[in-house]
Structure formats: C-alpha cells, structure tokens
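For reference, the structure discussed in these notes is given below.
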Amino acid sequence: MSVADTIFIAMCRDILDNGYSTEGEKVRPKWEDGSSAYTIKQFGVVNRYDLSKEFPAITLRKTAIKSAADEMLWIWQKKSNNIHDLNSHIWDEWADPDGSIGKAYGYQMGVKHQYKEGMMDQVDRVIYDLKNNPYSRRIMTNIYVHQDLHEMNLYPCAYSMNFNVTKKPDQEKLILNGILNQRSQDVLAANNWNVCQYSILLMMLAQVCDMIPGQLLHVIADAHIYDRHVPLVEELISRETHPAPKVTLNPEVKDFYDFTTKDIIVEDYVTGPQITNIPIAV
C-alpha cells in the first residue's frame, strides 16, 4: 500500500462518516440533468506527503500522472488560459467558443509584476527567489485575483503555492517543500490528480534550482464527495492496494521551461481498474 492510498482512504472515510451534507441547501453546482449537485463535505482537510520517501500516487485506481502534469505545465509553463494548448478535455465545459477560460489559471501566472529586481511574472519570481534568496518566507503564488474574478469562467480551485526551503545537517543540497492551498475539491474526480501534478511541479522546480524535493502539504478548505459519487467512492476505498510507483525526471533538464511530459518517467505503477464515466457537476 502506498502512503497516498492510506491518506486517501482515511480522508474519504472521514468525509463519508463524519462530514456535513448539503442536501436541501442552496448550492451552485448542477448535474447534467439540471438537478442540484449536493455534497458531503469536511472543512479544513490537511494531508502531508513526503516526496523523499515515495511518489504520492494512489494505486486504488490509476492516476494519469503525465496528463496531470500536462495540465500543470499548461498553467505554470505555458501560462495559458486556452484549452487548445492543453492535451486533454478536462476544461472543455468551462471554455468559450474560442477555447478561452477567461482570466483564470495560466493567465494569472503570466501577468508580469514590478519588483525591485524588475518585471517578472509569478513563476519567474518563484524561480528567481529559490535560486537567489532560498530562505525567503515570501516565495509564493496566488491566482485568486478578486478584480478579475468576473472574467473567469471558473474561479480557481487550487489557487496558491507557498514554497519553503529547509536543509538537513548531513546533506549539502537544500530541500524544497511546498504548500498547495485549495478552496474546494471534488475528492473523487480531482484529489490525487492535484497531488500528483503539484508533486511533479515541486520535483521540477527542485531539479532546476539544484535542490531535493521534500514535503508537499495539501490544504483543502472544502473537501467534498458529491452525492452521486458516494457509491463509487465506497467501492474504490474497499479495493486492494499496491506499492507506490517510482516517478523520476529526466536529469538532463536544467531549465523549467524545457520540461515536457516526456521527461517524466513512471515505473512499476500497478493499480486497480479505472473508474469511467464519473459524473461531473458544473
């Protein structure tokens, strides 16, 4: 069993057994048939993954690690808000006829801001600080920009990363840790997807900054399971588990903007069967 399996099963069990149901309340999301999409939710879920020990992919079912990383690179590397730059269809429901999701996600990462050192966007600022001022307590990003929310087709769910560098006495290299802050998460559809993609991000940034990837802390304000997902989750968390896969990066890549999904090597990933046709509330 991977540590990610243990964490995922415990989180789902806690939500199902001790969570709060929004059934009958006024909720925004709807199912495809127009009915309200209610959830069972927990407030303030915090999960910690140590990338120095194993990659946090669940084995209960397969997480498409490279596809998850592709979405992360779409936001952090391409800084795009257009689905035509993305190699999956996960954003299709929120795109306009031209493919844009508005001033969301990658758009915000690409906006340049004035710093003492000059004009930089948020990604370049993170890399600059990690290389030049690694012990800064101000290395973070934020894409929940209130003045632009009215022009976003979906408000950001995973909206902030906070980076923090530590060091072990017996190691020469610094350790890169990160906190992923998420306002809301559909646990069945997106939990391990987000964990894997931001673990890959942490690994990539550590490599290009000559550091070692450390811990990823995942903070979810509203972790929920949709009503129509409950039987799927119950079946999922009852499955057999397997050891975590080995996930590494092409060591030749030294520039964050040179990474592609081909530079992600996934080995020994044994999982249970995939769950297909998960209903998605919009």
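- Crowding of Glu93 atom CD: a count of heavy atoms from other residues, nucleotides or ligands under 6.0 Å not exceeding 12.
- Within the structure, ring-ring contact (aromatic ring centres under 6.0 Å, His included) pairs that include any residue of residues 203-232 comprise Trp31-Tyr226, Trp31-His229, His224-Tyr226, Tyr226-His229 (at least two apart or interchain).
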#### Entry: Glu234 vs Arg13, salt bridge (Lys or Arg N to Asp or Glu O under 4.0 Å): CA-CA, chis, key distance, verdict
CA-CA 8 Å; Glu234 289 279 13; Arg13 192 73 268 157; 3.0 Å; yes
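- Ring pair Trp91/Tyr105: centre-to-centre distance below 6.0 Å.
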### Message
Determine whether Leu217 and Val46 satisfy the following criterion, side-chain contact (heavy atoms from CB on, under 4.5 Å), listing intermediate values before the conclusion.
### Response
CA-CA 7 Å; Leu217 192 68; Val46 181; 3.7 Å; yes
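- Residues satisfying the salt bridge (Lys or Arg N to Asp or Glu O under 4.0 Å) test with Asp33, not counting sequence neighbours, are Arg228.
- Summarising the local packing, CZ of Phe43 is surrounded by 12 or fewer heavy atoms from other residues, nucleotides or ligands at distances under 6.0 Å.
- Shown here are the salt bridge (Lys or Arg N to Asp or Glu O under 4.0 Å) partners of Asp222, two or more places apart in sequence or in another chain: Lys41.
- For Glu235, the CD atom counts as densely surrounded, since its 6.0 Å shell holds more than 12 non-hydrogen atoms of other residues, nucleotides or ligands.
- Each salt bridge (Lys or Arg N to Asp or Glu O under 4.0 Å) pair with one or both residues in residues 141-170, not counting sequence neighbours, appears once here: Lys103-Glu151.
- Taken together through direct or relayed side-chain contacts under 4.5 Å among Ile, Leu, Val, Met, Phe, Trp and Tyr, Val195 and Ile179 form parts of separate hydrophobic clusters.
- Within a 6.0 Å radius of NE2 in His113, more than 12 heavy atoms belonging to other residues, nucleotides or ligands are found.
- Residues passing the salt bridge (Lys or Arg N to Asp or Glu O under 4.0 Å) test with Asp268, sequence neighbours excluded: none.
- The salt bridge (Lys or Arg N to Asp or Glu O under 4.0 Å) test applied to Arg125 returns Glu117, Asp129, not counting sequence neighbours.
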